[in-house]
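Structure, as structure tokens:
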Amino acid sequence: MQILEDLSGISVLDLSGETRVATRPEVPVPVYGERIVEGFRIWDPYRSKMAALLIKSHIAGTFYKLVSDLNLSPASKILYLGAATGTTASHFSDIVPAGLVYAVEFSARSMRDLLVLCTARDNIIPILEDASCPERYGPFLEPVDLVYQDVAQRNQAEIAARNAARYLKGGGALVLMIKARSVDVTADPKAVYKAEVERLAGVEVISSADLRPYHRDHWAVVARKEVERR
Amino acid sequence: MKITTWFGYIDASTGEVSLAGGEEEAGGRLMRISEETIRSSIKASSAIGEVWAADLQPDLRKLALEAGLFAGDCEYNSALRSTALRLVKIQLRASAGAEADLLQTIEALDDLNEVINALEERLYEWSRLTDDRRLRGAALAEALAEEEGSMGELARSILALAETKSSVTKSLEAAARTIAPNLAGLAGPVLAARMISRAGGLKRLSEMPASTIQVMGAEKALFKHLRGKAPSPKHGIIYRHPAVVGTARGARGRAARALAAKLAIAARIDRYSGETDPRLKEALDRRVQEIRDRPPGRRKKRGEGKDDRSGRRRTDR
Ligand SMILES: C[S@@+](CC[C@H](N)C(=O)[O-])C[C@H]1O[C@@H](n2cnc3c(N)ncnc32)[C@H](O)[C@@H]1O
């Protein structure tokens, strides 16, 4: 095993010729059946869009820029919208050992599995709520450094914009995974994606990438919120 | 104007922060938060609605730390985490779909078992034409998974189904633990789910007398007994519980009765409060030990136990 790149707790590894991203948990046990190699949890790009984005950025030579844009530190607070059963959230949990991941998920079925993860980790806060009503989880939250969203919903850009407006610190990053088909099944995915990006009010898009071959009709958008001027 | 947060109240005009007192208060507050925020998103004019519907999020951590409610970030994080875990468990238990989902999950598990058994049997018959290793079950499927052609395909399907089974089992266990933590703790999550399914829901299970729970799943034997053709059944699906199987044959009836009594209590606690009570498990273990320590066949002397146990035993005979 060889470490090719390493920043903010995210590593790119060479595993006998294969390029993989990984995070390093305090206790290296698998969460969703992923491989453990020398203390690293290998982050599956087919199961996690964030892993797909990271691998693609490594190949494109923009890994360092992408991860710096996320501006993460071990004590960062992350708001994760659409946490599902926690595949990706578990890696974020590795990345911020002294911070918190606020994991919002509105499906009771997924939340039951997510709870198993939340019990095993001490830095994931489960929230059973609808991300399109951000004020509902206000009584639990604080301003955060990163908003990550993967909800595969019709009004995904609007949901992201409203959450970023309310919870993202000035200068903080938004990572939005856009599913081009859940918005309109018939339209051209690329056009759908563009239209969604235009709806991203209040943040400035700094990069975007499609997630082929790992996820079809998905794009990742990274944006930054302006530092508030007084 | 007071606004509600997970740790207490903030007076929005003075900025004063207070910690709500006691466990009772905290539980009630959590449910209020979730109800009020739901209402506030519809009608943003209530006192709470105004603040939480506003666009900017107050920095709750900073407010709480400045008010000295927590010693530091670590303490804030861990208190927030346990509060959130508790609220989510309450919400899940309250969500109507959760139980229906559990019932489907256990049916799915039974179906998977049946299908896997049938396919493994078929694979065995088939493999005997060419293979005399006489492996069976999962071991056989694994041995043949690399083969080409239909037989290998079948073996791979069996392995895939086995994987499905293990993930269905996992979510079944998680669901049983959130819906009925005490029952799952005593019976094990899968048996707990099976009992809820047999009873037609936690509500109905919690209304059953222990004697019904004891013979649940042994209905055939029970009716035979009622027709006068067989001895009364001593245990149904709870038979597979270690408290029963681990007890000598002669005392199993008594072990099953003790177990059923505790399971009935567990179901009631789960229906009405949901707080996990470890004393239940300790009490069961103690009772089962007592039963095992008493030599088989010897009954308590009369007058020693005023409970109905010895009386009922005699009418059995
Ligand atoms: C594609 S999955 C996310 C997978 C996850 N990000 C991962 O990589 O592990 C989308 C999830 O978002 C949830 N979801 C969709 N709309 C939501 C909403 N409005 N609020 C909260 N969760 C939502 C769904 O229930 C589903 O679990």
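Every chain is numbered from 1, with letters handed out A, B, ... down the list of sequences. Side chains are part of it too, since the values below use all heavy atoms of this structure and drop only hydrogens, waters and symmetry mates.
- Of the atoms belonging to A:Tyr32, not a single heavy atom falls under 4.5 Å from chain B.
- Contact detail for B:Ala84 and A:Pro126: the closest heavy-atom pair is CB-O, 3.7 Å.
- Proximity to chain A is absent for every atom of B:Ser78, based on heavy atoms less than 4.5 angstrom apart.
- Of all heavy-atom pairs between A:Pro143 and B:Pro58, the closest is CD-O, 4.2 Å.
- To the nearest 0.5 Å, atoms NZ (A:Lys77) and CZ (B:Arg61) are separated by 4.5 Å.
- Side-chain contact between A:Arg112 and B:Asp101: present, with at least one pair of heavy atoms (C-beta onward) separated by less than 4.5 Å.
- Only the side chain of A:Leu100 comes within less than 4.5 Å of a heavy atom of chain B; its backbone N, CA, C and O stay farther away.
- Other residues, nucleotides and ligands place no more than 12 heavy atoms under 6.0 Å from the CD atom of B:Glu163.
- Between chain A and the residues B:Asp73, B:Asn77, B:Thr105, the most heavy-atom pairs under 4.5 angstrom are made by B:Asn77.
- The candidate with the highest count of non-hydrogen atom pairs below 4.5 Å against chain A, out of B:Arg81, B:Lys170, B:Lys89, is B:Arg81.
- Interface remark: A:Ala75 contributes no atoms to any contact with chain B (heavy atom separation under 4.5 Å).
- For the atom pair CG (A:Leu141) and CD (B:Gln57), the distance works out to 6.0 Å, reported to the nearest 0.5 Å.
- The shortest non-hydrogen separation linking A:Pro139 to B:Leu60 is O-CD1, 3.2 Å.
- A distance of 7.5 Å separates NZ in A:Lys169 from CG in B:Asp59, rounded to the nearest 0.5 Å.
- For the atom pair CG of A:Leu115 and OG1 of B:Thr178, the computed distance is 7.0 Å after rounding to the nearest 0.5 Å.
- Atoms CG and OG, on A:Asp122 and B:Ser82 in that order, are 11.5 Å from each other to the nearest 0.5 Å.
- Between the CD1 atom in A:Ile127 and the CH2 atom in B:Trp6 there is a gap of 12.0 Å [rounded to 0.5 Å].
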